[in-house]
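Some notes on the structure that comes next.
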Number of protein chains: 2
Amino acid sequence: MDTRSICLGVLSMGEATGYEIKKLFEEGPFSHFYDAGYGSIYPALGKLLEAEQVTCRVEAQAGRPAKKVYAITDAGHEVLAGALHEEPAIDHIRSEALVMMFFGHKLSADQRARVLDKYHGHYAKVLAGLHELDTSREGFGRQFVHGFGLAIYETAVRYLEEHGDEFLDGKTANDKIGAEQ
Amino acid sequence: MDTRSICLGVLSMGEATGYEIKKLFEEGPFSHFYDAGYGSIYPALGKLLEAEQVTCRVEAQAGRPAKKVYAITDAGHEVLAGALHEEPAIDHIRSEALVMMFFGHKLSADQRARVLDKYHGHYAKVLAGLHELDTSREGFGRQFVHGFGLAIYETAVRYLEEHGDEFLDGKTANDKIGAEQ
DNA sequence: ATAACCATGTAAATGGTTACATGATTAG
DNA sequence: CTAATCATGTAACCATTTACATGGTTAT
């Protein structure tokens, strides 16, 4: 399940260009559990084309760069089905922001604010994107994953909003209890 | 903020071996937001040693392989402080399981059950590990990040338990509403 | 018996990020 | 006028994963 397989998956929903696929990872229905840049999407599409798992049609556009519209082939559908029946790997999660927050006592107040703010901003933005998606007419898989994303990102944003001050002030839950007593 | 910096961070909390660092990522306080295997930890420690950001002491053990206990140096502390004041990158998240679930309609019932079960098992295991941690005497950063992890992983496990059947049965929320009417 | 744990490491292969390269159109 | 959007791609660099290599002890 590398970028190639995900691209096949996206193309199984309909034709798309590399640029459009990137947007799905940035703002669309994949934004909360997958990311890939142009530097990995374009080479992936190139390899899929070589392997004849996709076809490519060039569309000229007036006053715009030409598009390359990719479509999945029968061979591509087979490879995708195979990839979807492998053992899924454990989620890859790597959060630099959480590492920084973990070592919050080593951060300046400025940096604490910057890190928290950026983190909250990102989660809020992804959450807003999820809210804009309407999956009510989509299949059960998309609905399930969409609901999962909503649940998680809502929890994350709420936590950051409710507990952010403790982090910024450098207060622990203990400090708060002590102050109340 | 690559594996080298995180290793420095871990070592800023006390001496450790590569094996112990790995365990922190697997089961310990980093398990919910970072992972790295031996293949990236050992080389990272090697480079830190070369750069004199850590020292290394070999400890022989009876009936056990010898340990290499690493400790952070002053230079290491400086590099760590610098790394902690950079701009944090956006979280890297890549979930093969969610990709598979997204395409649930292309999965056999067997594979749906396998994927869901593995996913739930992993989240439940990390959550159990988080519950076992007592951060009440730790600094505000660790408490904040621990609380964040608990909130997120509890939400995830609950969602999978409450909505898993819909995914296994291939039913959408719409189908359910329809059945109730 | 068998699996899991302790404990290290390297080499090859894979894969991903970043920087470079181009350039017109449109919205603010 | 400035930034963002549309649209593609490559080359160099960097990081990570996987497979290989070793082997005694302890718990089930």
Side-chain angles (χ1 to χ4, degrees), chain A residues 1-8 15-28 30 34-51 54 56-70 83 86-94 96 99 125, chain B residues 1-8 15-28 34-51 54 56-70 83 86-96 99 125:
Chain A
M1 286 290 283
D2 55 359
T3 303
R4 277 210 296 288
S5 310
I6 318 298
C7 286
L8 279 181
E15 297 183 338
T17 66
Y19 190 80
E20 286 163 355
I21 293 173
K22 171 88 195 300
K23 279 202 303 187
L24 292 179
F25 296 153
E26 253 174 15
E27 307 159 21
F30 295 90
Y34 205 85
D35 63 61
Y38 293 123
S40 72
I41 293 169
Y42 285 123
L45 290 170
K47 280 178 195 169
L48 288 172
L49 192 61
E50 250 185 82
V54 300
C56 175
R57 161 171 55 88
V58 180
E59 256 181 39
Q61 297 181 113
R64 285 280 156 80
K67 283 187 199 183
K68 288 192 174 180
V69 182
Y70 292 89
E86 278 169 22
E87 168 99 356
I90 295 298
D91 287 4
H92 264 244
I93 301 181
R94 210 162 250 212
E96 288 189 10
V99 171
K125 193 182 149 193
Chain B
M1 284 291 283
D2 55 359
T3 303
R4 277 209 298 287
S5 310
I6 318 296
C7 286
L8 278 180
E15 298 183 339
T17 66
Y19 190 80
E20 285 163 355
I21 292 173
K22 171 89 196 299
K23 278 203 302 188
L24 292 179
F25 296 152
E26 253 174 16
E27 306 159 21
Y34 205 85
D35 63 61
Y38 293 122
S40 72
I41 292 169
Y42 285 123
L45 289 171
K47 279 177 195 169
L48 289 171
L49 192 61
E50 250 185 80
V54 300
C56 175
R57 161 172 53 88
V58 180
E59 255 181 39
Q61 298 181 112
R64 287 277 156 81
K67 283 187 200 184
K68 289 193 174 179
V69 182
Y70 292 89
E86 277 169 23
E87 168 100 356
I90 295 298
D91 287 4
H92 266 242
I93 301 180
R94 212 162 249 212
S95 173
E96 288 189 8
V99 171
K125 194 181 150 194

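Letters A, B, ... mirror the listed sequences (proteins, then strands); counts begin at 1.
If you take CD of B/Glu15 and P of C/dA7, they are 14 Å apart, rounded to a whole angstrom. Following rounding to the nearest Å, B/Leu45 (CG) and D/dT16 (C1') show an atom-to-atom distance of 15 Å. Going from atom CZ of B/Arg57 over to atom C1' of C/dT8 covers 17 Å, rounded to whole Å. In this structure, the CE atom of B/Met1 is 17 Å from the P atom of C/dT17, given to the nearest Å. The interatomic distance linking A/Ile41 (CD1) with D/dT10 (C1') rounds to 15 Å, in whole Å. When the P atom of C/dT22 is taken as reference, atom OH of A/Tyr42 falls 17 Å away, rounded to whole Å. Rounded to a whole Å, the CD atom of B/Glu87 is 17 Å from the C1' atom of C/dT17. Note: CD (A/Glu96) to P (D/dA15) measures 12 Å, nearest angstrom.
Residue B/Glu20 is the one, among B/Glu20 and A/Lys47, whose nearest nucleotide of DNA chain C lies closer to the 5' end (criterion: closest heavy atom). Projected onto DNA chain C by closest heavy-atom contact, A/Asp2 and B/Gly18 fall at different nucleotides, the more 5' of which corresponds to B/Gly18.
For the pair B/Lys22 and B/Tyr38, the distance from NZ or CZ to the six-membered ring centre is under 6.0 Å and the angle to the ring normal is within 45 degrees.
One distance of note links OG of A/Ser40 with CZ of A/Arg4; it measures 11.5 Å at 0.5 Å rounding. In this structure, CD in B/Glu26 is found 9.0 Å from NZ in B/Lys23, a value given to the nearest 0.5 Å. The NE2 atom of B/His92 lies 12.0 Å from the CG atom of B/Asp35; values are rounded to the nearest 0.5 Å.
At a threshold of 4.0 Å, the pair B/Arg94-B/Glu96 does not count as salt-bridged, since none of the basic side-chain nitrogens sits closer than that to a carboxylate oxygen.
Among the heavy atoms of the strands lying under 4.0 Å from A/Tyr70 are primed sugar atoms or P, OP1, OP2 only; no base atom is included. In this structure, A/Gly46 reaches neither bases nor backbone, as no heavy-atom distance under 4.0 Å exists between it and the strands shown.
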* To do: Any chance you could lay out the side chain to side chain contact (heavy atoms under 4.5 Å, CB included) test for A/Thr3 and A/Tyr34, step after step, and finish with the verdict?
  => CA-CA 10 Å; A/Thr3 303; A/Tyr34 205 85; 3.7 Å; yes

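Regarding contacts with the backbone of C/dG15, every side-chain N or O of A/Thr3 stays at 4.0 angstrom or more from both OP1 and OP2. Between A/Gln61 and D/dA7 there is a side-chain polar atom (N or O) within less than 4.0 angstrom of OP1 or OP2.
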* Per-nucleotide protein contact string for nucleotides 17-28 of chain D, where B marks a base within reach and S marks sugar-phosphate only (heavy atoms under 4.0 Å, - for neither) -> BB----B-SS--

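Only one option out of B/Leu48, B/Asp2, B/Val54 pairs with B/Cys7 in a side chain to side chain contact (heavy atoms under 4.5 Å, CB included); it is B/Leu48.
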